[in-house]
A.B. asks: 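This is the structure I have questions about; it appears just below.
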2 protein chains.
Amino acid sequence: MKLTEAKQQFISSWGAFGSQWGINRTMAQIHALLMVSPDPLTQEDVMEQLNVSRGNVNMNMRDLISWGLVDRVLIPGERKEYFSAEKDTWKIATQIIQERKKRELDPMLKLLGQLEKIEGDKKDKNVKQFVDTVSGIRKFGNQAEKMLDMMVKADENWFLSGLMKLFK
Amino acid sequence: MKLTEAKQQFISSWGAFGSQWGINRTMAQIHALLMVSPDPLTQEDVMEQLNVSRGNVNMNMRDLISWGLVDRVLIPGERKEYFSAEKDTWKIATQIIQERKKRELDPMLKLLGQLEKIEGDKKDKNVKQFVDTVSGIRKFGNQAEKMLDMMVKADENWFLSGLMKLFK
DNA sequence: CTGAACTTTCAAAATATATTGAAAGATTAA
DNA sequence: TTAATCTTTCAATATATTTTGAAAGTTCAG
């Protein structure tokens with residue numbers, strides 16, 4: 001397989017993969033394109049390579065930046081803006097974990113904590129099942145949160161070798 | 001807060017949470033409803049409580065069953081089918097991990113493995129960046145896969161206390 | 001068998017999400 | 001300044017996903 005074809009496949013699959021995880025296809029594709037591009041690209045470059053509109057690129061690029069996955073890059077002497085993606089997989093992963101945790105997991109755990117304090121007869125099986133379910137999810141979520149924090153703080157090597165050896 | 005209101009909130013938030021992760025809202029809501037219901041429910045019950053159509057409940061219930069999160073339950077002497085959700089958070093989580101891994105991660109890792117075998121001059125920075133990116137993601141994915149397998153095999157207690165102590 | 005009770009299917013409709021592109025807004029070289 | 005270049009916005013449009021509900025399918029008691 002040639003580079004051009006492989007790139008296409010990678011970009012298209014990364015887009016499809018992303019949609020299954022609630023990331024919009026174009027955003028994932030832009031990310032994929034930037035990850036395999038050795039040099040920074042302009043909005044124009046991305047528009048051409050992915051066949052999407054200026055506005056679309058602009059909005060999704062902004063999102064990618066807010067996720068900390070893409071940086072604006074100034075090239076001395078150039079008027080236009082360039083964009084470049086973080087290429088280190090470990091950093092990408094921890095960045096995504098951190099953001100999703102902050103944006104989604106934390107608020108959910110907060111809500112569950114409130115729902116647990118429901119008033120009602122603990123003898124009522126409806127009340128009991130509700131409290132048990134909610135607190136079960138909350139406990140699990142809290143542990144997951146701790147584990148993710150740990151991952152984010154740790155370094156890649158810990159993940160690649162250290163953790164694994166403990167449970168071979 | 002009263003049970004009824006708390007249930008509503010839980011169901012609605014679980015639905016919203018699900019959509020951010022690529023799960024359709026109704027499916028997540030049905031799941032939430034069944035998780036907090038002490039006894040099995042019929043399609044009719046779900047239709048009424050969530051205000052969705054028969055077909056919708058039927059299709060999503062089928063999906064939930066294929067994910068291993070809901071079981072059909074036969075009640076002796078009853079003509080209709082009842083549905084009941086697994087209530088153990090740990091089992092729910094490992095079930096979801098296992099399924100998503102099988103449906104999404106495995107195929108993606110397979111593809112990345114192929115893309116890595118691209119033909120081309122390794123001196124070309126385009127080729128190099130492509131191979132580096134793809135193999136970086138693949139390696140990370142492989143480790144993640146191992147770790148998830150471990151989680152699925154382990155038991156809840158290991159997660160709740162054991163793992164955590166190692167990295168306090 | 002027969003038909004009542006229940007389940008499944010799926011084309012059409014509704015809804016939600018993503019994309020476009022032209023106009024307005026910035027920025028800067030000259 | 002001015003005007004060329006580049007970026008951002010957002011209402012309109014297009015696309016994708018979800019939902020509906022009536023019809024077809026299934027099951028089983030009598």
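Letters go in sequence order (proteins before strands), and every chain restarts at 1.
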A.B. asks: By nearest nucleotide on DNA chain D, pick out whichever of R79(A) and N58(A) is the more 5' one.
C.D. replies: R79(A)
A.B. asks: For the backbone of A85(A) and the side chain of K87(A), can you confirm whether one donor and one acceptor N or O come within less than 3.5 Å of each other?
C.D. replies: yes
A.B. asks: Between atom CZ in R72(A) and atom C1' in dT27(C), what is the gap in whole Å?
C.D. replies: 14 Å
A.B. asks: Using atom CG of D63(B) as one end and atom P of dT19(D) as the other, report the distance to the nearest whole Å.
C.D. replies: 11 Å
A.B. asks: Distance check needed: dT27(D) C1' versus E78(B) CD, whole Å only.
C.D. replies: 15 Å
A.B. asks: When you measure from the side chain of N24(B) to the backbone of T26(B), do you find a donor-acceptor pair of N or O atoms at a distance under 3.5 Å?
C.D. replies: yes
A.B. asks: Are any side-chain N or O atoms of S13(A) and backbone N or O atoms of F10(A), one a donor and one an acceptor, separated by less than 3.5 Å?
C.D. replies: no
A.B. asks: Starting from P on dA16(D), measure out to CD on Q20(A) and report it in whole angstrom.
C.D. replies: 16 Å
A.B. asks: Under 4.0 Å, counting only non-hydrogen atoms across every strand here, what does T26(A) touch: a base, just sugar-phosphate, or nothing?
C.D. replies: sugar-phosphate
A.B. asks: Within the structure, does a side-chain N or O atom of N56(A) lie under 4.0 Å from either OP1 or OP2 of dA18(C)?
C.D. replies: no
A.B. asks: Students often get this wrong, so: under 4.0 angstrom with heavy atoms, is E81(B) touching a base, only sugar-phosphate, or nothing?
C.D. replies: sugar-phosphate
A.B. asks: Is it true that atom CZ of R100(B) has more than 12 heavy atoms of other residues, nucleotides or ligands lying nearer than 6.0 Å?
C.D. replies: yes
A.B. asks: Let me spell it out: for each of R54(A) and G22(A), pick the nucleotide of DNA chain C with the closest heavy atom. Which residue's pick is nearer the 5' end?
C.D. replies: G22(A)
A.B. asks: Using whole Å, report how far CE of M59(A) lies from P of dT19(C).
C.D. replies: 11 Å
A.B. asks: Whole-Å distance between dC6(D) C1' and Q43(A) CD?
C.D. replies: 9 Å
A.B. asks: Let me know the distance between NZ of K80(A) and P of dC6(D), rounded to the nearest Å.
C.D. replies: 5 Å
A.B. asks: Would you say N24(A) reaches dA16(D)'s phosphate, i.e. side-chain N/O to OP1/OP2 under 4.0 Å?
C.D. replies: no
A.B. asks: Please indicate whether K139(A) has more than 12 foreign heavy atoms, meaning atoms of other residues, nucleotides or ligands, lying under 6.0 Å from its NZ.
C.D. replies: no
A.B. asks: By nearest heavy atom, map F83(B) and S53(A) onto DNA chain C; which one lands nearer the 5' end?
C.D. replies: F83(B)
A.B. asks: Starting from P on dA14(C), measure out to CZ on R25(B) and report it in whole angstrom.
C.D. replies: 17 Å
